[in-house]
Amino acid sequence: MTLRRRDFLAASGVSLSALALAACSGSGSGGGGGNGGGGGEISLLTPEFAGTTGKAALETGILDGFFEGTDYSYKVDYTDWTKLNEKLSTSVAGGLVADVIMPGAGWVEPFAHKGVLTELPESLLDGLPVNENLLAQCRYEGKLHALPYFVDGRICIYNRALFDAAGIAEVPTNLDDLREALKEVTPDGGVGIDLFSSNIRQTWSHLLGCYGGRLFNDDGTAVAFDDGSGLAALQYMLDLVADGTANFDVKGAEGQPRPWQQGQAAVDLLNSSLWPSFTEQSPELVTEDAMGMFLLPSAEAGGDPVMWTGGTLLTMSSRTQHADKVQELLSYMLEAEPLLTAVTESGKVPARTDIEDPVVTDNLMAQYTIDNFGYATAFEGGSPAWMEIRGLVAPELEAAVTGQKTAQQAIDALTAAAQDALSRV
Amino acid sequence: MTDTAFPGTIDAPVGTEQESARLKADRRQERRAKRASASKQRRISRFALTIFLIVVSVVMAMPFVWMFLTSVRSSPEIYSADMPLWPTEWHWENFTVALERAPFGIYARNSFIIAAVHTISNLVLGSMAGYALAKIRFRGASVLFGFILASMMIPFYAIVIPEFLMIRFVPFAGGNDLFGQGGTGWYDTWWALLIPALVSPFNIFLFRQFFISTPTELMEAARIDGASEARTFVQIMAPLIRPGMLTVALLAFEAGWNNFLWPLLVTSSTNLRTIQLGLSVFRQEAGTEFNLLMAGTTMAAVPMIVMFFFFQKQFVNGFVGSGIK
C-alpha cells in the first residue's frame with residue numbers, strides 16, 4: 001500500500017474537522033447553573049453514598065421524594081473524601097461549583113472565606129433537634145454557612161476483660177489517671193492505648209482540647225495552640241510512648257485489623273463511624289459485655305471529658321441560581337425520614353438527636369456519640385488558613401513521635417507554618 | 001641392526017615412552033577432572049540462578065497471589081488476629097457482590113474505550129513526533145525536544161487546574177461561546193476524557209529513542225527512490241521499531257486503563273466514570289472492604305495481566321532496545 005502526501009493531509013484534515021464538529025455539538029451537562037425561576041437542575045457534590053446502594057439510597061431513597069412533582073431535576077457528582085479537595089478546587093476554578101456541597105469539618109471557613117459557600121438563614125435551624133455544639137463547625141464569622149448532616153465522634157473503646165483483670169472498675173477521669181491506668185492494662189507485647197491507627201493530626205487536636213487549647217483564636221486570625229496546650233498535647237503522646245503504653249509501630253495498617261481487634265491494645269481511640277466495619281469484622285468484640293466506652297478525659301481533675309467531632313455537612317454554593325430551592329432541599333434532607341435513610345446506608349451518626357430507630361439505637365458507638373453531644377467540639381478548622389496547614393500537621397507530629405524532633409521543635413514548626421498561612425489569608 | 005641416532009630425532013627409550021604416556025594420561029585425566037569440575041560449577045551456578053529466579057518470581061508474583069487470595073476471603077477472616085495463609089473458606093461470591101456494588105460493566109467499557117483510543121492515538125501521533133525529532137532536521141528541533149522533556153518533569157498535580165480550565169472553556173462546546181463562556185465546555189463529556197491524553201510526552205521520547213537507533217541510510221535510500229516522507233515513515237521506518245510500538249501500546253493502554261484522578265475531576269455522570277473510580281467504592285472513610293476491593297481489583301487487573309502474558313517478550317525487548325531499563 002502506498003500513502004501519498006496528499007492522501008495523508010486529506011485524512012488528517014477530515015479527522016480534525018470531524019473532531020471540531022463533534023466538539024461543537026457536544027451538549028453541556030453537570031455543574032451548577034441552570035435556568036433560574038420556575039425550574040432547573042440542582043447539582044450535588046458528595047463524598048458520601050458511594051456505589052450502587054449508596055446511589056440508590058441518596059437518589060431513590062432521598063432525592064426522588066423531594067424532586068417528584070417539581071419542575072426541578074437533580075444531578076449528583078460522587079467523589080471520595082480523599083479527592084474532594086481536588087474536585088472542589090477544580091470546579092471552583094472552572095466555575096462549575098455544585099449547588100449543594102457536602103464538605104467535612106474544617107472546610108467551611110476556607111471555602112466560605114473564598115466565597116464558594118454562601119450564608120444560610122438561621123431559620124433553617126428552627127425546630128431542628130441538633131445540639132448547639134455541632135453548629136460551631138458550621139459557622140464562619142458567626143454566620144451559619146452549613147448544616148450538620150452526619151457526625152463522627154472520636155471515642156475510646158476498651159476491652160472490658162483487660163480492665164477487669166487489672167482491677168479497674170471506673171474509667172479514668174483525667175489524663176494523669178488515664179496514663180496510670182494504661183500502665184496497668186497494657187497487654188504483653190501490645191499497647192495500653194492505640195493512638196496511632198487513627199489520624200495522628202486528629203488525635204493531637206483531640207488532646208489539644210483535653211488541655212483546653214484550640215488551633216486558632218475566636219476569629220481565626222491568630223494561632224492559639226502555641227499557648228502551651230499544643231506542646232502539652234504532643235508531650236502527653238510522647239509520655240505514653242515513653243511509658244510503653246503507646247507505640248507508633250503498633251497500629252493498624254490499611255487492610256489489617258486494628259490492634260484492639262487483635263487483643264494487642266486495651267483501648268482504642270477511634271472514629272465512631274467504624275461501627276459497621278467492627279460489627280462485620282469482629283462481632284464478638286463489640287458487644288456490651290466485651291466492650292466499654294469512654295471519652296478522653298480532661299487534663300484537669302474534675303474537668304469535662306472531650307469528644308472530638310467531625311462529620312459531613314450540608315452547604316450551599318454561592319453561585320447557585322436556585323437558592324430557595326436548595327435551602328428547601330437542605331431542610332428536607334435533615335428531616336427524620338430522609339436522614340434515617342442516609343444513616344442506614346452510611347452507618348454514621350445522625351446530627352438529629354431524635355431518631356429512635358434501631359439503626360441508630362443498636363449502633364452502640366453512634367448512640368454513645370449522641371449521648372455525649374454535650375461534650376462535642378470540632379477541634380479542626382476555625383480559620384480559612386486551616387486547609388493550607390492541615391497537610392503539614394501529621395508529618396511534624398510523626399517526626400516528634402519517632403524522635404526525629406523534640407515536641408517543642410515540632411510545635412514551633414507548626415506554629416510558623418500556621419502563621420505563614422494566616423499571613424496569606 | 002645398529003643403533004643409529006639420526007639428527008633431529010629424540011632418543012626415546014622405553015621407560016621414557018611409558019612416562020610420556022602416563023603424563024599424557026594424567027593430563028587427560030586432569031583435563032577431564034577440570035571439565036567435570038567446570039561442568040559441576042556450571043550446574044551449581046545454574047541451580048543457584050534457578051533458585052534465585054524462582055525466589056524473585058515468587059516475590060514478584062506474591063502481591064497478585066495475595067490479591068487473589070484476599071478476594072476470596074470473608075471479611076472476618078481478613079480482620080482476624082491469626083489470618084491463615086490459605087483461606088479457610090473460598091468466598092467466590094465476593095466477585096458477584098463486588099460487581100453489584102457498582103456498575104462495573106459501564107466502568108470497564110469506558111476504561112476500555114479510553115485505553116484503546118489512547119493506545120491508537122499515542123501510536124500514531126507519538127511515533128510521528130518521535131520520528132520527526134529523531135530523523136528530520138528542522139529548526140528548533142532540539143528546543144522542541146527539550147520542551148517535551150521538560151513537560152515530562154512537571155507533576156500532574158501542578159497542571160491539573162490549567163488543564164481542567166482548558167477543557168472547561170473550549171469554545172463552542174457544551175454551550176460555550178467563542179470565548180469559552182456560557183456553558184460547560186467539554187466537562188462531563190467523552191472529549192474531556194480522551195483529548196488531553198491523546199499523546200504523552202514520555203511516549204514521544206520513547207519513540208524518538210527507538211528511531212534514533214534505526215539506520216538513516218534506509219530513509220535516505222527511500223528518498224532517493226522517490227518515496228514521500230509519509231511513505232518513508234509508514235513503510236520503511238515504522239516497521240523497524242515494532243518492539244517499540246508494542247511497548248508504547250502497552251504503556252498507553254495501561255495508563256488509560258488505570259487512570260483515576262482525571263476522570264474523577266472532569267466527569268460527574270456515572271456513565272462516564274472508569275473502573276478505577278468504581279474500585280474506590282470499596283474504600284470509604286469508615287473503612288475498606290478489602291475482600292471486595294481485591295475482587296474488583298483482580299477483575300480490573302485481568303486485561304493488563306493477559307496483555308503482558310502474551311506480549312511480555314516484546315515488552316521487555318522494547319524497553320531494553322530503548323535504553324530504558
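Quick note on labels: first sequence line is chain A, next is B, and so on, each numbered from 1.
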Contacting moiety of A:P47, where chain B heavy atoms sit under 4.5 Å: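 Only the backbone of A:P47 comes within 4.5 Å of chain B.
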Heavy-atom proximity to chain A below 4.5 Å, by part of [X]:
{"X": "B:L165", "result": "side chain"}
{"X": "B:S74", "result": "neither"}
{"X": "B:E77", "result": "neither"}
{"X": "B:L261", "result": "side chain"}
{"X": "B:F260", "result": "side chain"}

Within the side chain of B:S269, is there an N or O that forms a donor-acceptor pair under 3.5 Å with the backbone of B:L272?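 No, B:S269 side chain to B:L272 backbone: no donor-acceptor pair under 3.5 Å.
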How far apart are the closest heavy atoms of A:L58 and A:T46, and which atoms are they?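 A:L58 and A:T46 have their closest heavy atoms at CD2-CG2, 4.2 Å.
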Minimum heavy-atom separation for B:T270 and B:N110, please, with both atom names.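 Closest heavy-atom pair between B:T270 and B:N110: O-ND2, 4.4 Å.
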Identified side chain to side chain contact (heavy atoms under 4.5 Å, CB included) partner of A:K348 from the options A:N271, A:V151, A:T312: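 When side chain to side chain contact (heavy atoms under 4.5 Å, CB included) is applied between A:K348 and each of A:N271, A:V151, A:T312, only A:T312 qualifies.
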Only pairs of heavy atoms separated by less than 4.5 Å count here; which of A:G94, A:G51, A:P283, A:A50 has the most with chain B?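 Top count of heavy-atom pairs under 4.5 Å with chain B: A:G94.
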Pick whichever of A:Q261, A:R258, A:Q262 has the most heavy-atom pairs under 4.5 Å with chain B.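 Looking at each of A:Q261, A:R258, A:Q262 in turn, A:Q262 comes out on top.
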Thinking salt bridges, do A:K75 and A:D99 make one under a 4.0 Å N-O criterion?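 Salt bridge absent between A:K75 and A:D99.
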Could you tell me the separation between the CZ atom of B:R168 and the CD atom of B:Q181, rounded to the nearest 0.5 Å?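 Reported value, rounded in 0.5 Å steps: 6.5 Å.
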